[in-house]
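Right, one structure below, let's go through it.
In what follows, chains carry the letters A, B, and so on, assigned in the order in which the sequence lines appear, proteins first and then strands, with residues in each chain numbered from 1.
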There are 2 protein chains.
Amino acid sequence: MSPSTVSRALNDHPRISVETKRRVKEAAKELGYFAFGSARTLKTKRSMTVGVIVSDIRNPFFLDFLDGVERTLFPRRYKMLLATSNEDVEKEATYIKWLLEHDVDGIIVSPTCDKDGKTNINLLRKIKKTGIPVVLYDRVFEGFENEFDSVTIDNAGAILSAMKYLYTLGHKRIGIILASSNLYTIKKRYQGYLEACELFRLDCRNEDTLVLKSPLSEEMDAEIEDFIRKASFTALITTNHTITKKVYKSVKKLGMKIPNDLSVIGFDDVEENLFFDPPVTVIRQPVFQIGKTTAMLLLGRLDGEDLKPHRVVLNAELVKRKSAVPIE
Amino acid sequence: MSPSTVSRALNDHPRISVETKRRVKEAAKELGYFAFGSARTLKTKRSMTVGVIVSDIRNPFFLDFLDGVERTLFPRRYKMLLATSNEDVEKEATYIKWLLEHDVDGIIVSPTCDKDGKTNINLLRKIKKTGIPVVLYDRVFEGFENEFDSVTIDNAGAILSAMKYLYTLGHKRIGIILASSNLYTIKKRYQGYLEACELFRLDCRNEDTLVLKSPLSEEMDAEIEDFIRKASFTALITTNHTITKKVYKSVKKLGMKIPNDLSVIGFDDVEENLFFDPPVTVIRQPVFQIGKTTAMLLLGRLDGEDLKPHRVVLNAELVKRKSAVPIE
DNA sequence: ATGAAAGCGCTAACAG
DNA sequence: CTGTTAGCGCTTTCAT
């Protein structure tokens, strides 16, 4: 029997007799035969893999995100090559190149950005130009928002609604902690903060006592503690789950109480927020949905959609629990 | 210039002049050249990828685990093909086959097991026999503990030490919740429970009111609530983080208080445990270390170590916080 | 130090 | 419906 017949049998090619197919498959199973994927990829130019780059594998965000991606890729028989940049532009570049050399059919990435504003936008442009689809999620490149397919949330709007809620509760001096303030998401969240200040005529001129911009690091714990100790605010908004945890830790350490001494609104929801003391009022991103949508956009491209870039913006939701209360 | 010269230049082959190498690399960069990995793999029989199968991508366990794996693989230029079985033996088998067809150089897996005891042990055996190394982590196959390389923790010992702690605190009736009691880890934890009962002469004959074996599912919330309502125990041990959360939820719902009405010891530590009300006393697995060790074992095999199977057993640690107190 | 040539395992066009 | 053949892009002898 010729190789081509075998190939056709195994790939359920239409022009093959049912009987031959059966026999081939049986033999294959018996011999424990497995196709050598690289030969197939070499021939067909499709590896059936997509590169998934996360920005920090320790962030619980990626549990739901990856779940969303996997669930939409699996039925289409695409596999994930997982990479993590750890918010390091160089490492991200390394992985992008590696993924390319593994012949991925597409790339999903939340691009990072260092303190000098350096990104891998040019590398990603080049890749896109060679015909390998790229979908950004969580973050896009500032000033080039429409160049790539992307799935993000309305970050400014999310903070705005949190600010509105606090304002309604009577808070006039509201603080915010911005980690990694060079990131797109954080910039947008800060923008929402400023908009809200203007809209509700809140004082935010004395920035240092209301806005903490330190990057995520070891020293951040001390900075946050200091920030809260000198607090000139009655309510505080965080911009990710890690910071929420640090705020709870600091408040506890300072012998203060949430929400009596300080109202807090966290960012990113995880089930654990329910069990915090007190349960955290948070801005919840539809993380699973972000994963699904991102993967679907990519599949669309892989299926040959070739229109102008899709820019999907999902909405975050304010989940009211016990950490933010009316001011006395 | 011939293809072979280019190949040698790009791969830092020794027999090539410095000048030629420089020129080739320059040209490659300029043209945005990327090697076509599948052709290389086809020729060399090494894909530089390893398949990583997790049992449930939503479990926070895998954040630290994957971090550990990635950090040891990255410097060696191995990439991860990520798969998730969702505790489904069939899905696991599908992924194993897919990974094989992607020519992975090795596989890391925490094998799942359905309610009838069915596993993919035979499939994994076959793979090992073809020369592709397999390393198990978190779980091994009962009765075949020494057949594969593996990295686990001393599950029985972990529960035993928790029981000892509770016993020292004066607890005589201690309950335990076993989700998915067909899994290796859970069986071992139950075994530790029984050993402790014997050792400390605790009554555990009336199993139904002390041991809950229900599998993880939607209905489990109700079952746990029921279990706690009818509690004949003064202290309760859980066997994973999800259950810990459910216990906290149920206790709250029932209007009871931890630790006054019930002492609780959780399983698996996450930073959030610090902020629970009250902070959770837990058995902490060295998850990051499990990831590192698993990946290192695999790298060893990939480097040609070919001795008898390595069986690494790490120790868990009891982290004392506020959810378990002496009985009045 | 470089080039020529073969071949990895598969698929697809073409013939029959 | 099946077989023959060529070739995907790379690495690797072997020869020079």
[Y] versus [X], side-chain donor and acceptor atoms under 3.5 Å:
X	Y	answer
Ser4(A)	Ser7(A)	no
Thr41(B)	Ser38(B)	no
Glu87(A)	Thr112(A)	yes
Ser17(A)	Thr20(A)	yes

Atom-to-atom span, [atom1] of [X] to [atom2] of [N] - whole angstrom:
X	N	atom1	atom2	answer
Arg46(B)	dT12(D)	CZ	P	11 Å
Lys21(B)	dA1(C)	NZ	P	10 Å
Lys45(A)	dC10(D)	NZ	C1'	10 Å
Met1(B)	dT2(C)	CE	P	7 Å

Kindly check if the number of other-residue, nucleotide or ligand heavy atoms within 6.0 Å of CE (Met48(A)) is above 12?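 Atom CE in Met48(A) is packed in, count exceeds 12.
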
Specify the residues of residues 93-107 of chain B, ordered by number, for which at least one heavy atom lies under 4.0 angstrom from an atom of DNA chain D.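 Those residues whose heavy atoms fall under 4.0 Å from DNA chain D, taken from residues 93-107 of chain B, amount to none.
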
Indicate, with a heavy-atom threshold strictly under 4.0 Å, whether Ile16(A) touches base, sugar-phosphate, or nothing.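 Contact class for Ile16(A): sugar-phosphate only.
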
Classify Thr41(B) by what it touches in the nucleic acid, base, sugar-phosphate, or nothing, heavy-atom distance under 4.0 Å.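 If one applies the 4.0 Å heavy-atom cut-off, Thr41(B) turns out to touch nothing in the nucleic acid.
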
Contact list for residues 95-105 of chain A, test salt bridge (Lys or Arg N to Asp or Glu O under 4.0 Å), sequence neighbours left out: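 Pairs touching residues 95-105 of chain A that pass the test: Glu101(A)-Arg40(B).
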
[X] bridged to [Y] by N-O distance under 4.0 Å:
X	Y	answer
Glu145(A)	Arg311(A)	no
Glu70(A)	Lys91(B)	yes
Arg22(A)	Glu19(A)	yes

Produce a footprint string for nucleotides 10-16 of chain C: one letter per nucleotide, 5' end first; B if the base is under 4.0 Å from any protein heavy atom, S if only the sugar-phosphate is, - if neither. SBBB---

Please enumerate all residues that pass side chain to side chain donor-acceptor pair (under 3.5 Å) together with Arg76(B), with sequence neighbours excluded.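 Partners of Arg76(B) under the side chain to side chain donor-acceptor pair (under 3.5 Å) test: Asp303(B).
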
I want to check one thing: is the phosphate of dG9(C), taken as OP1 and OP2, less than 4.0 Å away from some side-chain N or O of Ser38(A)?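 No, because none of the side-chain N or O atoms of Ser38(A) sits under 4.0 Å from OP1 or OP2 of dG9(C).
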
Keeping to residues at least two apart or across chains, list the ring-ring contact (aromatic ring centres under 6.0 Å, His included) pairs with something in residues 29-59 of chain A.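 Checked against ring-ring contact (aromatic ring centres under 6.0 Å, His included) - neighbours excluded - no pair reaches residues 29-59 of chain A.
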
Through what angle, rounded to 10 degrees, does the axis of the helix from dA1(C)-dT16(D) to dG16(C)-dC1(D) turn between its ends, using five pairs per end?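 Computed angle between terminal axes is 30°.
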
